[in-house]
Amino acid sequence: MSMSHDVDKFRHEAMLYSGWPDFIAGTVPFIREGLQAGEPVLVVESPDKIDILRVALDHDADHVLFANMAEVGANPALIIPAWRDFVELHGAAGKRLRGIGEPIWKGRTADELVECQRHESLLNVAFGNGQPWWLLCPYDVNALDESVIEEARRSHEFVSQGGTARQSEAYRGIEASGGPFDRPLPEPGSAIREMSFGPEDLISVRQLVVRVATDSGLGVARTGDLVTAVNEIATNSLIHGGGKGTIRVWRDITKLTCEVRDAGRYDRPLADRERPQPRLSEPRGLWLANQFCDLLQIRTFPDGTVVRAHMRRDPNHNLHVLPDAKPTAD
Amino acid sequence: MGIADRGDWVGEGFRIEDVVAELGDGPVYVDKQLVVTRTFAPVGLRFAGEIDMTNSHAVVRSLTTAFPTTGDPHLDLAALIFCDISGIRALVDAAEGLGAERHLLLHGLPHQIEKVIRVTGWSDLPSLVLCSCEVAQR
């Protein structure tokens, strides 16, 4: 692999791997080279991959920062803020850094997968014009669909496989990476509660969410979280989305979903994942919503914006996070 | 409750007669989802109900007009059922607007609202003090 590649800007590279040895061969030299150059290294991976990397790196592991992707990235919109923290904390004065992050694994739900793919694109917007650092994103080719790999080629400027890195011809570029996200959302299959709301109806919106969340067994704390998230999303509709909106609420076996639809245009692709400065009165509604629900989906269409907030009904019965994170055998 | 029942001196050096003379008695604000009243021991405001974008402007106004000009005002938030980010913003701005060495003391903060204040990082502001104690009738 062209490990000695000079990184003079953000380098977003997908690493396609097949089995444990390939994963190790792609990541360990990448980490070691960073350490030798004095670069801070953060690895955000599944706990079992972190374990194996610690063994493979031996004493070098002491100089690497590790974080559990299942925690950091359960909601993929929280991954960019985590990388932002890493770059700001450890990359003072433009110091180069390295990261490894594997946000996509086989156990991701369909909704999570789409949001992870959007996240991969938005990384280009968040860091593409900033200081130089190198982010390597492992993709398990044995476990993931070919369509997922194809999308990785579009969201990463570089793709490496078997030790060779190439510029990706399919890469969509920074500007398109932040373009309006208009991928259709699947229609709910279950019964829907729906209401239109204007400025005087926010309290009714909250009451609707409390009622359905309580019926769904969400528990007091998580009901409070969902109400906080949905209230901010609905407030956004009132302020930025034409002064009114429509909320729909439904549930399936695993989760409760609240959808807010309005006539506004959502044109700040990072608004829901850039942490606002405490002392500035920046808009922070969608950012806050991301902190308080399990998954947020934002879509902008020519006729308006749709935001869905998802909450797992049983937080302990986590269907999505790493049941199947081990690379499949060759 | 008469003035005599409240004691002559309350809070950090406020004289009840002075406070009432300066600010008046009775509810500071009422709408269909929120009631704001004065408290005298300690000196401050009590919020009951729900704060969102429809009435957070009233919170800003209550906070800026109902406080004495010295000392640390107290807010009794135990009966606050909901407070959105614009309402919390109003508390933060009021705290920041008090000036050096003064603090806004939040009592009875419901768990969900405290969580939002912590997530936004506003809990780190020195002017905003989250009191875990019940509202003390001193």
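Note that this is a predicted model, so its numbers are computed, not measured. Every chain is numbered from 1, with letters handed out A, B, ... down the list of sequences.
- Using a 4.5 Å cut-off between heavy atoms, L288(A) contacts chain B through its side chain alone, with no backbone atom that close.
- Note that the CZ atom of R206(A) and the CD atom of Q33(B) stand 5.5 Å from one another [nearest 0.5 Å].
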task: Begin with the C-alpha distance, continue with both residues' side-chain angles, and end with the deciding distance and a verdict on side-chain contact (heavy atoms from CB on, under 4.5 Å) for K32(B) and I203(A).
output: CA-CA 10 Å; K32(B) 67 181 166 87; I203(A) 191 165; 4.0 Å; yes
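- Among the candidates D225(A), I239(A), V220(A), L202(A), the residue making the largest number of heavy-atom pairs closer than 4.5 Å to chain B is D225(A).
- Around atom NZ of K244(A), no more than 12 heavy atoms belonging to other residues, nucleotides or ligands sit under 6.0 Å away.
- At a heavy-atom separation below 4.5 angstrom, chain A is approached by D52(B), M53(B), T54(B) within residues 51-59 of chain B.
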- request: Decide side-chain contact (heavy atoms from CB on, under 4.5 Å) for F292(A) and V119(B); before the verdict, give the C-alpha distance in whole Å, the side-chain angles of both, and the deciding distance to 0.1 Å.
  value: CA-CA 9 Å; F292(A) 284 95; V119(B) 165; 3.8 Å; yes
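- Partners of S237(A) according to the side chain to side chain contact (heavy atoms under 4.5 Å, CB included) rule, which considers only residues two or more places apart in sequence or in another chain, are F197(A), V260(A), D262(A).
- Put simply, the side chain of E232(A) gets close to the backbone of I85(B): a donor and an acceptor are under 3.5 Å apart.
- Distance OG1/T228(A) to CZ/F82(B): 5.0 Å, rounded to 0.5 Å.
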